[in-house]
Amino acid sequence: MLEPNTLYIVPTPIGNLSDISQRALDTLQNADLIACEDTRHTARLLNHYDINAKTTSLHDHNETQRTQWLLEKLSQGQSIALVSDAGTPLISDPGYVLVKTCRQAGINVIALPGPCALTTALSASGLPTDSFSFFGFLPVKQQAKAEMLQRSVRKGHTSVFYEAPRRIKDTLSVCVSCFDFEHEVVLAKELSKTFETYVSGTAQDVLDWLEADSVHEKGEFVLMIYALPANSEEAFSEEVISLLANLKSELPLKKAAAIVAQHYSVKKNALYKYGLAHFD
Ligand code: SAM
């Protein structure tokens, strides 16, 4: 049973249809109305789960006007569900105007926990999660993008961005020009889908991976950047340092650090940085 006069924020799968919760399905089944970013897109999900429900659209171009109409229905006692095409509504998706207006009008708003590319990518990235920020999509123009990246990435902090396939290579090139090896970059691709992939390293490593095969830049991406704290230095075992020192006499430091890092499963960037500080 749903509560009357209530707006339900309902997350939907970001790839794997099984990721929808039972509570989300019950809410969609029992809502008087579902406000969808795209009614045709949501119809596929509803059909899959055999849910017959009344839907209406709420997207970036009609949100203000549609909000007043939905507010009237909520005030009359209806339970309304809000969904976007994928993931959690309002997270780089429509819904902010509606939720803000409901809150101001004293309408009950209940958010269901569920799929979101941001938290999914971050939790498996291997980057620190104790201090992070999410910035949604980066600006399209190169200069604005570079400025935004430089403003948003802070030492000792993980910054998370969404990126479109047609821009991912350009964004990594801008990262290469903005950041050095003191940044760890993780690119999460196609989360919860067949070709789910995490690529990590320097911005240049990730760009090299994208450029290695045109298939690599197809799909949906979450880009995460961790800037090492100033003067931070990882502690490495004597074995690691000694092998690095030996290889360094034969190979460029970058190559030597990559080999040792792989052999001992330690961070390549941090080892390279250690080498620069101690051997060069
Ligand atoms: N509301 C959604 C959420 O909760 O994650 C995000 C919607 S936003 C319009 C779409 C962007 O989210 C994509 O361009 C991509 O950056 C990211 N995204 C969505 N699904 C993804 C997936 N399965 N794998 C990686 N990134 C994804």
Side-chain angles (χ1 to χ4, degrees), residues 7-21 23-24 27-28 34-42 44-45 48 57-63 81-100 109-127 129 132-140 145 148-149 152 158-172 174-175 185-200 203 206-207 209-210 215-225:
L7 174 70
Y8 287 85
I9 315 290
V10 182
T12 55
I14 57 169
N16 187 330
L17 279 188
S18 307
D19 288 335
I20 195 155
S21 72
R23 187 173 170 218
T27 304
L28 296 176
I34 304 175
C36 316
E37 182 179 5
D38 179 340
T39 51
R40 279 171 306 176
H41 189 99
T42 300
R44 291 199 282 275
L45 180 77
H48 181 83
S57 68
L58 180 119
H59 46 69
D60 286 340
H61 307 290
N62 73 356
E63 186 166 357
L82 171 70
V83 298
S84 60
D85 286 352
T88 301
L90 281 87
I91 305 301
S92 292
D93 268 341
Y96 167 69
V97 175
L98 176 62
V99 171
K100 185 165 188 262
V109 181
I110 295 178
L112 276 57
C116 179
L118 155 65
T119 47
T120 306
L122 187 62
S123 60
S125 67
L127 296 177
T129 54
F132 74 88
S133 305
F134 173 62
F135 298 93
F137 289 96
L138 285 157
V140 176
K145 189 182 284 190
M148 172 81 173
L149 279 165
S152 48
T158 301
S159 300
V160 187
F161 307 89
Y162 283 164
E163 193 50 286
R166 63 187 176 283
R167 291 202 275 270
I168 191 68
K169 244 170 45 183
D170 177 69
T171 295
L172 260 302
V174 175
C175 287
V185 176
V186 178
L187 187 63
K189 176 184 158 163
E190 295 288 88
L191 296 166
S192 80
K193 303 187 200 177
T194 312
F195 296 106
E196 173 170 317
T197 310
Y198 286 83
V199 185
S200 54
V206 177
L207 180 60
W209 179 82
L210 283 168
V215 169
H216 289 174
E217 59 187 289
K218 294 195 167 65
E220 296 196 275
F221 296 96
V222 180
L223 173 65
M224 293 160 282
I225 303 171

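For the single chain, residues carry numbers from 1 onward in sequence order. Atoms within a ligand are numbered from 1 in the order they appear, just like the ligands themselves.
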[X] heavy atoms, cut-off 4.0 Å: which ligand 1 atoms fall inside?
X	answer
Lys193	23 (N)
Glu163	14 (O), 16 (O)
Thr88	1 (N), 3 (C), 4 (O)

With a 4.5 Å heavy-atom cut-off, do [X] and [Y] have their side chains touching?
X	Y	result
Leu118	Tyr162	yes
Ile168	Leu210	yes
Ile91	Phe134	yes

**Request:** Counting heavy atoms only, name the option from Phe137, Phe161, Tyr162 that's nearest to atom 14 (O) of ligand 1.
**Result:**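 That would be Phe137.
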**Prompt:** Without hydrogens or angle criteria, can the side chains of Asn16 and Ser192 be said to hold a donor-acceptor pair below 3.5 Å?
**Reply:**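 Their side chains do not contain a donor-acceptor pair, so the 3.5 Å distance test is not met.
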**Message:** Could you check whether Asp38 and Ser57, counting side-chain N and O atoms only, form a donor-acceptor pair closer than 3.5 Å?
**Reply:**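 Not at all, the side chains of Ser57 and Asp38 share no donor-acceptor pair under 3.5 Å.
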Can you find an N/O atom of [X] closer than 3.5 Å to an N/O atom of ligand 1?
X	result
Ser84	no
Ala164	no
Ala188	no
Ser92	no
Gly87	no
Phe221	yes

**Request:** Please answer whether the main-chain N or O of Ser123 pairs with a side-chain N or O of Ser125 as donor and acceptor at a distance below 3.5 Å.
**Result:**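 Pair absent, no side-chain N/O of Ser125 close to backbone of Ser123.
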Which residue and non-hydrogen atom of the protein lie closest to [atom], and at what distance in Å?
atom	result
atom 13 (C) of ligand 1	Glu220 OE2, 3.5 Å
atom 22 (C) of ligand 1	Leu191 N, 3.6 Å
atom 7 (C) of ligand 1	Asp93 OD2, 3.4 Å
atom 18 (N) of ligand 1	Ala117 CB, 3.5 Å

**Prompt:** Do Glu190 and Lys218 sit within salt-bridge range, that is, some charged N less than 4.0 Å from a carboxylate O?
**Reply:**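 Not counted as a salt bridge, because no side-chain N and carboxylate O are separated by less than 4.0 Å.
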**Item:** More than 12 heavy atoms of other groups within 6.0 Å of Lys100 NZ
**Value:**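 Not more than 12 within 6.0 Å, no.
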**Asked** Would one find more than 12 heavy atoms of other residues, nucleotides or ligands at under 6.0 Å from atom OH of Tyr96?
**Response**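 Check fails, neighbour count at 12 or below.
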**Asked** How long is the gap from NZ on Lys145 to OG1 on Thr171, to the nearest 0.5 Å?
**Response**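 With rounding to 0.5 Å, NZ (Lys145) is 2.5 Å from OG1 (Thr171).
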**Request:** May I ask you to identify, for Pro89, whether its side chain, its backbone, both or neither come under 4.0 Å of ligand 1 on a heavy-atom basis?
**Result:**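 Within the 4.0 Å criterion, Pro89 makes no contact with ligand 1.
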**Prompt:** Does at least one non-hydrogen atom of Ala86 fall below 4.0 angstrom from an atom of ligand 1?
**Reply:**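 The answer is yes: ligand 1 sits under 4.0 Å from a heavy atom of Ala86.
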